[in-house]
There are 2 protein chains.
Amino acid sequence: MTRWLDDDEQRTWRDFLAATQLVHEALDRQLQRDAGMPHTYYMILVALSESPERRMRMSELARRAQCSQSRLSHAVARLEERGWARREPCPQDRRGNIAVLTEQGFDALAAAAPGHVEEVRRSLFDVLTPEQLRALSEICGAVRNTLEG
Amino acid sequence: MTRWLDDDEQRTWRDFLAATQLVHEALDRQLQRDAGMPHTYYMILVALSESPERRMRMSELARRAQCSQSRLSHAVARLEERGWARREPCPQDRRGNIAVLTEQGFDALAAAAPGHVEEVRRSLFDVLTPEQLRALSEICGAVRNTLEG
DNA sequence: GCAGTTTAGTTGAACTCTCATATACTTTGG
DNA sequence: CCAAAGTATATGAGAGTTCAACTAAACTGC
């Protein structure tokens, strides 16, 4: 009954696993080494920094930063300890919390960004041809549309 | 100085992050739910099962299963607790250890495999056209060749 | 209005991962 | 040979992640 993978599919799958893991590891190592933060924190800071007034409801932030609510809740607690974010109650909905990026948090992000972008280029963009990048974009969009619903 | 990402690159990058994370999460959730193991353990069991006599030196196993030696060491310790693997000293090199897949470990892998393959198809192969799969294979191969050296 | 349900968010425990360090064995160079 | 350097692996602490509760507030329908 099981539709096993044939040899080609096996190879594709293992290359996919290896490649994506290598990219994620490269990112994480670079950020941890040069900016002292894991990639999750970086995504959260980016999401906040792009929001008007650099503030966002926790659940919205979880969606934007692509992490579970629990993960976000723990992460923001750590960001608060570092003085990079703070939480305020939401006036409209008293269940809610609003995460706010502090000046220091913004500065930490600004300091981390150039090295991070360099690593993104090194580990992905510089490796691929323009055509491959177009294909990758399309592929990832398709995966995203299917799995995200 | 920093070569920032333009809008297209930004979109590609974010789609890449989202898509790869979605696939990895889907895998991990399925394996954890249906087989009670994280994806790392699955990779280790697979690597062992494909080796002659289902045994392998720790460092070789780390390469095949694409994980750090430390991670492997901890993981195999857990696998031993479950009775899925055991370690034997290496006769040729007394520093070395050989991880051996037990019958129970093989059975656990055999039980987990069908559901896992289904999930792999659902979350990647069924989403893409044959052409996209060829492109993805090429892309991942290129990334792997560049970052793996 | 008020029982029942959904939504927002937090929390603690269990587990995995990483990093730095430690241990034991092997190889190498003089 | 033997000290020095290198290799194979283990280990412990610290940090992040997940899962399953749990609290609290907001809807929903009768």
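Letters go in sequence order (proteins before strands), and every chain restarts at 1. Side-chain atoms are counted along with the backbone in the values below, which use heavy atoms only and exclude waters and symmetry mates.
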Query - More than 12 heavy atoms from other groups under 6.0 Å of CD on A:Glu81 - result: yes
Query - Results of ring-ring contact (aromatic ring centres under 6.0 Å, His included) for B:His39 - residues two or more places apart only - result: B:His116
Query raised in the report: Using a side-chain heavy atom cutoff under 4.5 Å and only I, L, V, M, F, W and Y, what cluster partners does A:Val100 have?
Result: A:Ile98
Query raised in the report: Between residues 71-88 of chain B and DNA chain D, which residues have a heavy-atom gap below 4.0 Å?
Result: B:Ser73, B:His74, B:Arg87
Requested in this report: Give the other cluster members for B:Trp4, using side-chain heavy-atom distances under 4.5 Å between Ile, Leu, Val, Met, Phe, Trp and Tyr residues; answer none if it is isolated.
Outcome: A:Leu22, A:Val23, A:Leu27, A:Met43, A:Val117, A:Val120, A:Leu124, A:Phe125, A:Val127, A:Leu128, A:Leu133, A:Leu136, B:Leu5, B:Trp13, B:Phe16, B:Leu17, B:Ile139, B:Val143, B:Leu147
Query - Carboxylate-amine/guanidinium proximity below 4.0 Å for B:Glu80 and B:Arg78 - result: no
Report task. Apply salt bridge (Lys or Arg N to Asp or Glu O under 4.0 Å) to A:Asp28 and list each qualifying residue two or more places apart in sequence or on a separate chain. Result -> none
**Report entry** Contact list for residues 97-117 of chain B, test salt bridge (charged side-chain N to carboxylate O under 4.0 Å, His left out), sequence neighbours left out
**Finding:** B:Arg54-B:Glu103
Report task. Not counting sequence neighbours, which residues clear salt bridge (Lys or Arg N to Asp or Glu O under 4.0 Å) with B:Arg29? List them please. Result -> none
Query raised in the report: What residues form a side-chain contact (heavy atoms from CB on, under 4.5 Å) with B:Arg134, not counting sequence neighbours?
Result: B:Pro130, B:Glu131
Query raised in the report: Hey, can you pull the residues of residues 31-68 of chain B with a non-hydrogen atom under 4.0 angstrom from DNA chain C?
Result: B:Thr40, B:Tyr41, B:Ser68
Query raised in the report: When you match A:Asp28 and A:Asn97 each to their closest nucleotide on DNA chain C, which lands nearer the 5' end?
Result: A:Asn97
Report summary line: Outermost contacting nts on DNA chain D, any atom under 4.0 Å from chain A heavy atoms, listed 5' then 3', are D:dG16 to D:dA26
**Report entry** Result of checking A:Glu88, A:Arg57, A:Met58 against A:Asn97 for side chain to side chain contact (heavy atoms under 4.5 Å, CB included)
**Finding:** A:Met58
Report task. May I have the distance from B:Asp93 (atom CG) to C:dT23 (atom C1'), rounded to whole angstrom? Result -> 14 Å
Report summary line: In whole angstroms, the gap separating P of C:dC17 from CD of A:Gln21 amounts to 10 Å
Query raised in the report: Under 4.0 Å between a Lys/Arg side-chain N and an Asp/Glu carboxylate O for A:Arg122 and A:Glu119?
Result: yes
Report task. Can you run down the salt bridge (charged side-chain N to carboxylate O under 4.0 Å, His left out) pairs that involve residues 31-51 of chain A, sequence neighbours left out, and say none if there aren't any? Result -> A:Glu50-B:Arg14
Query raised in the report: How far apart are the closest heavy atoms of B:Gln66 and A:Ala18, and which atoms are they?
Result: NE2-CA, 3.3 Å
Report, one pair per line, the protein and nucleotides 1-7 of chain C atoms (nitrogen or oxygen only) whose separation is under 3.5 Å.
from  : atom 1 : to      : atom 2 : distance (Å)
C:dT7 : O2     : A:Arg95 : NH1    : 2.8

